[in-house]
Amino acid sequence: MTGSLLAGCSGVSDAAGCGPAPSAEVSQADLYGSYSGPHGARLDLTAVGGTSVTFSVKSWPTEDGPEILTEDVVPAFDGGGVWKLLNRPGEDGKVGLAFSGPGPSARRATVTELLVGKEDGHTVLFARLGDPDVCRTFRLTP
C-alpha cells in the first residue's frame, strides 16, 4: 500500500477537512478516464453517447469501512453500471455509481459515492471511510 492511499488528518474533527481539496467546478467530461486505487481497485468512467455514461470496475471492494485500506485480502468483484454527478452547480463534486447486473456483489457494493477533489493539479475521486474523527480515505487517482 502506498502512502497516497491513506490520509492522516489526526486531530481534525471536521470531516470536510479530510481528503483532497474539494472540487466544485466539475463536469462529466472532466471525469472520463481510468482511476486506480488500493488493492488493484480500478474504475473506468466512459461516455456511450448523449447523456449515457457508464462505468466498469475491477477489484472493487464489497465493503465500505476502513478495513478496505489494510494490507489484508479484501473481498472484491468486477462489474459495472451507470454513473452521474450528484452535486448541484457550485457544490463540491460527487459521483454516484449505480451498479447493474444480477450478481450479489453488484447488489451489495457499498462504495457507491465518491467525492471529487484535486491533488497536485490532478483530479482525485475519494470516499471518506469510518469515523469522521479519524481521517481515512479510499482514493482513486488517474
Side-chain angles (χ1 to χ4, degrees), residues 1-49 51-101 103-142:
M1 185 166 88
T2 66
S4 68
L5 302 177
L6 181 65
C9 303
S10 62
V12 176
S13 61
D14 178 14
C18 179
S23 183
E25 298 300 320
V26 64
S27 70
Q28 285 182 331
D30 296 330
L31 300 175
Y32 297 142
S34 298
Y35 299 85
S36 299
H39 302 294
R42 183 175 177 87
L43 170 66
D44 293 309
L45 300 176
T46 58
V48 176
T51 58
S52 296
V53 287
T54 61
F55 73 90
S56 63
V57 296
K58 293 197 183 298
S59 299
W60 198 253
T62 59
E63 303 170 5
D64 70 347
E67 61 275 358
I68 68 174
L69 301 174
T70 66
E71 294 291 339
D72 300 328
V73 175
V74 175
F77 71 100
D78 298 345
V82 296
W83 68 278
K84 66 179 179 177
L85 283 173
L86 300 175
N87 57 293
R88 293 186 172 109
E91 293 179 346
D92 291 345
K94 184 186 287 188
V95 173
L97 304 176
F99 285 88
S100 60
S105 293
R107 288 193 302 271
R108 71 173 186 257
T110 53
V111 178
T112 57
E113 289 188 1
L114 297 163
L115 299 169
V116 180
K118 288 284 187 186
E119 196 168 62
D120 298 325
H122 299 284
T123 298
V124 178
L125 302 177
F126 67 102
R128 295 181 181 120
L129 306 175
D131 183 350
D133 289 335
V134 180
C135 183
R136 293 185 187 101
T137 59
F138 176 73
R139 292 185 189 194
L140 299 161
T141 57

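Summarising the local packing, NZ of Lys118 is surrounded by more than 12 heavy atoms from other residues, nucleotides or ligands at distances under 6.0 Å. A 6.0 Å sphere centred on CD of Glu25 holds no more than 12 heavy atoms belonging to other residues, nucleotides or ligands.
Contact record, His122 with Pro142: CB-CG, 4.4 Å, taken as the closest heavy-atom pair. The minimum heavy-atom distance linking Pro20 with Gly117 is given by the pair CB-CA, 4.3 Å. Across all their heavy atoms, Leu69 and Phe138 have their closest contact at CD2-CA, 4.1 Å. Taking all atoms of both residues into account, the shortest heavy-atom contact from Phe126 to Gly19 is CE1-CA, 4.1 Å.
At least one donor-acceptor pair under 3.5 Å links the side chain of Asp131 to the backbone N or O of Asp133. The closest donor-acceptor contact from the side chain of Arg136 to the backbone of Gly130 lies at 3.5 Å or more, if one exists at all. One N or O on the side chain of Trp83 and one on the backbone of Thr54 form a donor-acceptor pair closer than 3.5 Å. Between the side chain of Asn87 and the main chain of Lys94, a donor-acceptor pair closer than 3.5 Å is present.
Remark: Asp92 engages no residue in a salt bridge (charged side-chain N to carboxylate O under 4.0 Å, His left out) (not counting sequence neighbours).
Within the 4.5 Å cutoff, no side-chain heavy atoms of Thr137 are placed close to those of Val124. Val82 is not listed as a side-chain neighbour of Ser100, based on a closest heavy-atom distance of 4.5 Å or more. Under the 4.5 Å side-chain criterion, counting only non-hydrogen atoms from C-beta, Leu125 is in contact with Leu45. Taking the side chain as every heavy atom from C-beta outward, Arg128 and Leu115 approach each other to under 4.5 Å. Counting heavy atoms from C-beta outward, Pro61 and His39 have side chains that stay 4.5 Å or more apart. Using a 4.5 Å heavy-atom threshold, the side chains of Phe77 and Phe99 count as touching. The side-chain heavy atoms of Leu114 and Leu140, taken from C-beta on, include a pair separated by under 4.5 Å.
For the atom pair OG of Ser27 and CG of Leu85, the computed distance is 7.5 Å after rounding to the nearest 0.5 Å. Here the OG1-CH2 distance, from Thr112 to Trp60, works out to 9.5 Å after rounding to the nearest 0.5 Å. In this structure, CG in Leu129 is found 11.0 Å from CZ in Arg139, a value given to the nearest 0.5 Å.
For the residue pair Ser59/Arg42, the side-chain donor-acceptor check at 3.5 Å is not satisfied.
Partner of Phe55 under the side chain to side chain contact (heavy atoms under 4.5 Å, CB included) criterion, out of Asp44, Thr46, Leu97, Val95: Leu97 alone.
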